[in-house]
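Each chain gets a letter, A, B and so on, in the order its sequence line appears, and its residues count up from 1. As the structure is a prediction and not an experimental result, all values here were calculated from the model.
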2 protein chains.
Amino acid sequence: MQTLSTEDYLKAIYHASQFTSSTVATTSIANKIGAKPSSVTDMFKKLSEQKLVKYEKYQGVSLTNEGVKTALRIVRKHRLWESFLVSHLNFNWDEVHQVAEQLEHIQSEKLTNELERFLDYPTHDPHGDPIPNRALFMKSYNKILLTELPLNKEAVCVGVKDNSSDFLRYLDRRQIGIGTPILVLHREDFDQSLHIQAGNSTLMITQKTAENIYIKP
Amino acid sequence: MQTLSTEDYLKAIYHASQFTSSTVATTSIANKIGAKPSSVTDMFKKLSEQKLVKYEKYQGVSLTNEGVKTALRIVRKHRLWESFLVSHLNFNWDEVHQVAEQLEHIQSEKLTNELERFLDYPTHDPHGDPIPNRALFMKSYNKILLTELPLNKEAVCVGVKDNSSDFLRYLDRRQIGIGTPILVLHREDFDQSLHIQAGNSTLMITQKTAENIYIKP
DNA sequence: AAATATTTTTAGATTAGACTAAATACTATG
DNA sequence: CATAGTATTTAGTCTAATCTAAAAATATTT
Ligand SMILES: [Mn+2]
Ligand SMILES: [Mn+2]
Ligand SMILES: [Mn+2]
Ligand SMILES: [Mn+2]
């Protein structure tokens, strides 16, 4: 049985390792968790004793199979709760993260599985991220960043890379959300900004915005 | 902002003070919480510093107004979650307590209030206990114990005093639940056992059972 | 009211999780 | 490849929440 804190570390390591093929560095976790590197080192040792990570001094960590499973169980709960908050409790997609951060630690298999059933086995959360099923398996779309979409090729927004409230509310104002059809009309060579058609409206977005939107062609 | 542990103490003090007019004793909380009396003394001091309880050495504690409010906010969440688990997630009334014990600590006013709306403003939890509304006000039935019901007077089960899984499942087997109509047919003077009509069936229950069932005449 | 029993508090220790400051190991640059 | 710079670890401290053992206060019984 894990504590709330070890669970957050495992999840952070899991997410960090999605973006690197090698091991996860101490400072990268320190930044994610909001703790000092020395605290992270301590935790790496604890997790290593529990065989949830492989840790060698100065070499960072990687999750063991058991560590991945534990992390996925948290991710599963996190995304199911986010889905619930949006679909039944009138939360907007930019408000759910902080609450799901707490709810993900509730220990009850029955609760998790019944919640999943109640939501009718959702496959993706409100941000387009895949939800691990009971067997911890998840199928992610073959998504690419909007920056990589060729001109005049039809695509649909299926997710966001930046989950910050600021970015999500910005997208709300631009009327871009999961499922919005997107077409790139023009790419400005000078600064890589894009003229796009999103739904019914035409608008301009910066490169920074484009590289935080996932689409499926 | 309270910690999980201080919240559990406040709730325990709140519940204990429902059964006594004087202050709440150290050992009674120690038993409820499952901690040693020395730990409880420590906590009493902490809560006293935060002005959530009035504490005098060797004299037990009583909640301040602020302490009562904090306790009621936890009770509100606990009972709303219990209701949700039973009404939407297929939990039986004997399974909800342990999970609600965790869920009651989730910090989000919006979550609590939206959950309440989603459940359509329930006034009582699955055990018949009243749910404080947003203003922390609750109206409890004018209930009495089944031991006090006169012979042949119509009544309805509205709650239970013992919330243990054992007792609740025992009632399930006897087909007694919240809302079940009850009539006392005969009271055995020898051991105070009762012959009752519960719903359609006639059955015998012990005094101990009867003094854990609340009814409204 | 004294003696005894029970309850409560104090003193001192432990553990998890965090921190700061200092030491050590890697890495990148010249 | 030496050295400066960065990342990481170690050493020592702190706080919250717990514990045990012993002391002190209160309650009960003779
Ligand atoms: Mn979390
Ligand atoms: Mn999400
Ligand atoms: Mn609790
Ligand atoms: Mn209840």
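Using a 4.0 Å cut-off, some side-chain N or O of A:S5 falls inside it from OP1 or OP2 of C:dA18. Under 4.0 angstrom from either OP1 or OP2 of C:dA16 there lies no side-chain N or O belonging to A:Y9. An OP1 or OP2 oxygen of C:dT8 is reached within less than 4.0 angstrom by no side-chain nitrogen or oxygen of B:K36. Distances shown here put a side-chain N or O of A:K46 below 4.0 Å from the OP1 or OP2 atom of C:dG17.
Comparing A:T3 and A:K57 by the nucleotide of DNA chain C that holds the closest heavy atom to each, the one mapping nearer the 5' end is A:T3.
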Taking only nitrogen or oxygen atoms into account, show me every contact under 3.5 Å that the protein makes with nucleotides 21-23 of chain C, one pair per line with its distance.
none

Close N or O pairs between protein and nucleotides 2-5 of chain C (under 3.5 Å):
none

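In this structure, A:T27 reaches the sugar-phosphate backbone alone: every heavy-atom distance under 4.0 Å involves primed, P, OP1 or OP2 atoms, never a base. Residue-level contact check: A:T41 touches the bases, meaning some heavy atom is under 4.0 Å from a base atom.
Distances were taken from every side-chain heavy atom of A:Y55 (C-beta onward) to each of C:dC19, C:dT9, D:dT9; the shortest belongs to D:dT9. Picking from C:dC19, C:dT8, D:dC19 the nucleotide with the shortest atom distance to the side chain of B:A35 gives D:dC19.
If you look at A:H97 and A:H127, their ring centroids are not closer than 6.0 Å. Taking the six-membered ring for Trp and the full ring otherwise, A:F84 and B:F84 have centroids separated by under 6.0 Å.
Shown are B:D125, B:T123, B:D120; of these, the side-chain contact (heavy atoms from CB on, under 4.5 Å) with B:S83 is made only by B:D125.
The CG-P distance, from A:D42 to D:dA7, rounds to 19 Å in whole Å. Whole-Å rounding puts the B:I29 CD1 to C:dT8 P distance at 11 Å. The separation between A:Q59 atom CD and C:dC26 atom P is 6 Å, rounded to whole Å. Computed from coordinates, the B:Q2 CD to D:dA16 P distance equals 12 Å when rounded to whole Å. The nearest whole Å value for the distance from the NZ atom in A:K45 to the C1' atom in C:dA18 is 14 Å. Atom P of nucleotide D:dC19 and atom CD1 of B:I33 are separated by 11 Å, given to the nearest angstrom. For the pair B:L4 CG and D:dA17 P, the computed distance is 9 Å after rounding to whole Å. The CG atom of B:D8 sits 13 Å away from the C1' atom of D:dA17 (whole-angstrom rounding).
With rounding to the nearest 0.5 angstrom, the CG atom of A:L103 is 10.0 Å from the NZ atom of A:K77. Rounded to the nearest 0.5 angstrom, A:T3 OG1 and A:M43 CE are separated by 5.5 Å. Atom-to-atom distance recorded for A:Q50:CD and A:T64:OG1 is 10.0 Å, nearest 0.5 angstrom.
Between B:E114 and B:R117 a salt bridge is recorded (basic side-chain N to carboxylate O distance below 4.0 Å).
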The test is side chain to side chain contact (heavy atoms under 4.5 Å, CB included); show your working for B:L146 and B:V184 and say whether it passes. CA-CA 9 Å; B:L146 178 49; B:V184 178; 4.0 Å; yes
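Using modelled atom types and a 3.5 Å distance limit, the side chains of A:S164 and A:D162 yield a donor-acceptor pair.
With a 6.0 Å cutoff to the six-membered ring centre and a 45° limit on the axis angle, A:K110 counts as a cation-pi contact of B:F91.
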